[in-house]
Number of protein chains: 2
Amino acid sequence: MIFRGRFEYTIDPKGRVNIPAPFRDRLQESAQGSFFLTNFSDCLYAFAADDWARIEERLSRVPSTDRKMNAFVRFFLGGAVEVVPDKQGRILVPPSLRSYAGLEKEVVILGMPNRFEIWSLARWQEEIGRFEKEVHEDPGLAREISALGI
Amino acid sequence: MIFRGRFEYTIDPKGRVNIPAPFRDRLQESAQGSFFLTNFSDCLYAFAADDWARIEERLSRVPSTDRKMNAFVRFFLGGAVEVVPDKQGRILVPPSLRSYAGLEKEVVILGMPNRFEIWSLARWQEEIGRFEKEVHEDPGLAREISALGI
DNA sequence: GGTAATTGTGGGGAAAGGTGGGTAACGGTC
DNA sequence: GACCGTTACCCACCTTTCCCCACAATTACC
């Protein structure tokens with residue numbers, strides 16, 4: 001499932017964040033609106049239930065002898081929670097995830113292929129600032145982008 | 001789909017911009033008039049539905065381990081919205097896109113191959129000014145242009 | 001040149017979306 | 001078993017968006 005768009009919200013003192021209405025609608029179709037949230041790359045990753053099931057399936061195949069990959073599974077699966085938006089369309093972000101992603105007040109939610117992401121506004125801006133700098137300085141990156149047919 | 005022409009409009013206080021009638025007609029044929037809008041290179045890019053589908057397909061193949069390209073996807077797909085002109089032929093530009101492209105009052109819409117672009121008039125004029133300067137100073141650029149048979 | 005159609009701009013009102021807060025249930029701790 | 005903090009479920013308000021209708025300006029057509 002692909003998600004599109006960027007949405008800005010405020011996380012309230014109780015730790016609740018709104019989920020974009022179009023995302024909610026899409027998730028409704030697949031799994032009664034519930035989805036899965038975990039920590040990764042300085043933000044939170046959110047997966048629809050069926051995509052998450054596929055991921056868990058693969059995680060369960062990681063050999064327990066692979067020390068590095070096991071560390072990843074501990075981190076990734078350890079951060080995971082299932083969440084269901086309330087009647088207002090918000091979810092409660094657990095404190096551990098909130099602090100991992102640095103969510104305090106302003107929050108950005110981004111559509112991505114197969115997932116959406118929850119960022120602190122400040123971190124998101126840093127990330128984009130870095131990208132815009134690189135796209136100007138790195139001709140290889142610009143070439144990769146135009147190779148996408150854009 | 002190729003678009004042609006330059007059109008000037010005003011964006012109203014509600015954030016609505018008119019879409020050129022000829023573009024609307026062309027888009028009508030492909031996908032009930034809806035199209036996709038996103039942020040790129042200081043303006044907004046607009047793609048017909050079928051062209052956009054191709055782009056999304058390629059975006060979803062970008063490996064999530066490629067940090068730079070992931071930042072691009074975050075930016076490009078994160079900016080994307082599907083829009084449908086209203087009965088008057090206007091679309092509502094989301095606040096995030098409006099502020100990215102600096103759309104405040106006067107707006108220019110430009111035809112391009114595979115897309116059309118929405119610019120703030122001021123930025124568009126700067127861009128053209130830069131081009132005219134460069135075409136005089138940079139013989140390589142002039143050569144590239146004449147290689148097009150122009 | 002006059003009339004009709006198309007195009008672009010403005011605004012009102014209903015609906016949806018997002019935010020804040022209150023209160024009751026729940027769970028863990030002392 | 002009482003207490004405290006957290007979570008879940010309400011309700012209410014404000015803002016934004018959507019869907020109309022109206023009118024001015026321009027273009028096309030007799």
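Every heavy atom of this structure was used, including side-chain atoms; hydrogens, water molecules and symmetry mates were not. Source: prediction; values computed, not measured. Note on naming: letters A, B, ... go to the chains in the order of the sequence lines (proteins, then strands), and numbering restarts at 1 for each one.
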Between B/Asp51 and B/Met1 (side chain of the first, backbone of the second, donor and acceptor by atom type, cut-off under 3.5 Å), is there such a pair?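 Between the backbone of B/Met1 and the side chain of B/Asp51 there is a qualifying donor-acceptor contact (under 3.5 Å).
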
Whether [Y] and [X] form a salt bridge (side-chain N of Lys/Arg under 4.0 Å from carboxylate O of Asp/Glu) is what I want to check.
X        : Y        : result
A/Glu57  : A/Arg61  : yes
A/Arg130 : A/Glu132 : no
A/Glu106 : A/Arg123 : no

List, one per line, each side-chain donor-acceptor pair under 3.5 Å for residues 138-150 of chain A, sequence neighbours excluded.
unit_1, atom_1, unit_2, atom_2, d
A/Asp138, OD1, A/Gly140, N, 2.8
A/Asp138, OD1, A/Leu141, N, 3.1
A/Asp138, OD2, B/Lys68, NZ, 2.9
A/Ser146, OG, A/Arg143, O, 3.1

Students often get this wrong, so: under 4.0 angstrom with heavy atoms, is A/Pro13 touching a base, only sugar-phosphate, or nothing?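 It contacts nothing in the nucleic acid.
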
Need one value for B/Lys87: base, sugar-phosphate or nothing, where a base atom within 4.0 Å counts as base even if backbone is also close, heavy atoms only. sugar-phosphate

How many angstroms lie between CG in B/Leu110 and CZ in B/Arg115, if you round to the nearest 0.5 Å? 9.5 Å

Residue whose nearest DNA chain D nucleotide is more 5′ - A/Arg90 or B/Arg98: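 Upstream on the strand: A/Arg90.
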
Pairwise 5' ranking along DNA chain D for A/Gln88 and B/Arg16, keeping only the more 5' one: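 Per heavy-atom nearest nucleotide, the more 5' residue is A/Gln88.
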
On DNA chain D, which is the earliest and which the latest nucleotide, 5' to 3', with an atom closer than 4.0 Å to a heavy atom of chain A? D/dT7 to D/dC11

By nearest-nucleotide position on DNA chain C, the 5'-leaning member of B/Asp86 and B/Arg24 is B/Arg24

From the 5' end of DNA chain C to its 3' end, which nucleotides mark the outer limits of contact with chain B, defined by a 4.0 Å heavy-atom distance cut-off (strictly under)? C/dT7 to C/dG13

Heavy-atom check, side chain of B/Asn39 versus side chain of A/Arg6, under 4.5 Å: yes

Paired with A/Phe36, the ring pair (Phe, Tyr, Trp, His ring centres under 6.0 Å) test is passed by just one of A/Tyr45, A/Phe47, A/Trp52, namely A/Trp52

